[in-house]
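None of these values were measured; they are calculated from a predicted model.
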Amino acid sequence: MAKKDRRSPQPAFVTLRDMPGTRVMFWVVDACPYCGERHAHVIGNLRTADPVDALGEIPAPCQPERLYVLSLPPKPKRKGGKEERRRARRDGKREELDDETW
């Protein structure tokens, strides 16, 4: 297996924010993969711009010769459903209680 190319674009997770009192939206990278600092990327007008269009590869402000990929952070895993909770309760009831577990 070959080493990962260090010059390939790194992922940068973003959050959507707006500037209070204006109609300007930004994608904000809280931790740049290259310098660790916060960067803001202007998307455009709140009413007319589509924020998803601004996602993708763009030059990093700290190192313009390197690219990073603006992407949304991964969604957290869903917790177990109703069936898993029921199964856990049933398993807990099956255990015998003795004097040491009280």
Side-chain angles (χ1 to χ4, degrees):
M1 186 176 234
K3 286 185 176 180
K4 185 177 179 181
D5 183 16
R6 292 187 180 148
R7 300 302 291 178
S8 66
Q10 298 295 316
F13 298 120
V14 294
T15 55
L16 184 62
R17 300 197 185 145
D18 62 338
M19 183 176 285
T22 68
R23 294 183 182 149
V24 179
M25 291 187 302
F26 295 93
W27 279 124
V28 177
V29 177
D30 286 321
C32 174
Y34 304 121
C35 68
E37 297 293 319
R38 179 179 290 178
H39 302 300
H41 300 278
V42 178
I43 298 170
N45 190 338
L46 185 65
R47 295 183 183 182
T48 60
D50 185 13
V52 178
D53 292 342
L55 296 176
E57 288 185 5
I58 63 166
C62 56
Q63 298 178 13
E65 67 277 358
R66 298 185 76 181
L67 298 175
Y68 60 32
V69 180
L70 295 182
S71 60
L72 296 173
K75 292 183 179 181
K77 291 183 179 180
R78 289 183 57 182
K79 294 186 178 179
K82 192 177 200 178
E83 287 299 317
E84 280 190 42
R85 291 191 300 270
R86 285 182 177 174
R87 190 176 306 120
R89 278 197 307 267
R90 276 186 260 137
D91 291 343
K93 288 179 182 178
R94 290 181 188 154
E95 294 177 3
E96 290 187 28
L97 298 176
D98 57 0
D99 293 335
E100 294 176 8
T101 59
W102 282 88

Quiz item: Got a sec, which hydrophobics cluster with Val69, joining ILVMFWY side chains under 4.5 Å apart, including via others?
Solution: none
Quiz prompt | Within-4.5 Å side-chain heavy-atom neighbours: Cys62 and His39 | solution = yes
Quiz item: Can you tell if the side chain of Leu16 reaches within under 4.5 Å of the side chain of Trp27, non-hydrogen atoms only?
Solution: yes
Quiz item: Do you know which two heavy atoms are closest between Tyr34 and Gln10, and how far apart they sit?
Solution: OH-N, 3.3 Å
Quiz prompt | Same cluster (ILVMFWY, side-chain, under 4.5 Å), Met25 and Val28 | solution = no
Self-check item: Residues in side chain to side chain contact (heavy atoms under 4.5 Å, CB included) contact with Ile58, at least two apart in sequence or another chain
Solution: His41, Tyr68, Leu70
Quiz item: Which heavy-atom pair separates Pro59 from Pro64 by the least distance, and what is that distance?
Solution: CB-O, 3.6 Å
Quiz item: Who else is in Leu67's hydrophobic cluster (ILVMFWY, side-chain heavy atoms under 4.5 Å, direct or via others)?
Solution: none
Quiz prompt | With sequence neighbours excluded, residues passing salt bridge (charged side-chain N to carboxylate O under 4.0 Å, His left out) with Glu57 | solution = none
Exercise. With sequence neighbours excluded, tell me which residues meet salt bridge (charged side-chain N to carboxylate O under 4.0 Å, His left out) with Arg17.
Key: Asp30
Practice problem: Applying side chain to side chain contact (heavy atoms under 4.5 Å, CB included), name anything that partners Thr22, two or more places apart in sequence or on another chain. | Solution: Met19, Val24
Quiz prompt | Ion pair Arg87/Glu84, N-O distance below 4.0 Å | solution = no
Quiz prompt | Nearest-0.5 Å distance, OG1 of residue Thr48 to CD1 of residue Ile43 | solution = 11.0 Å
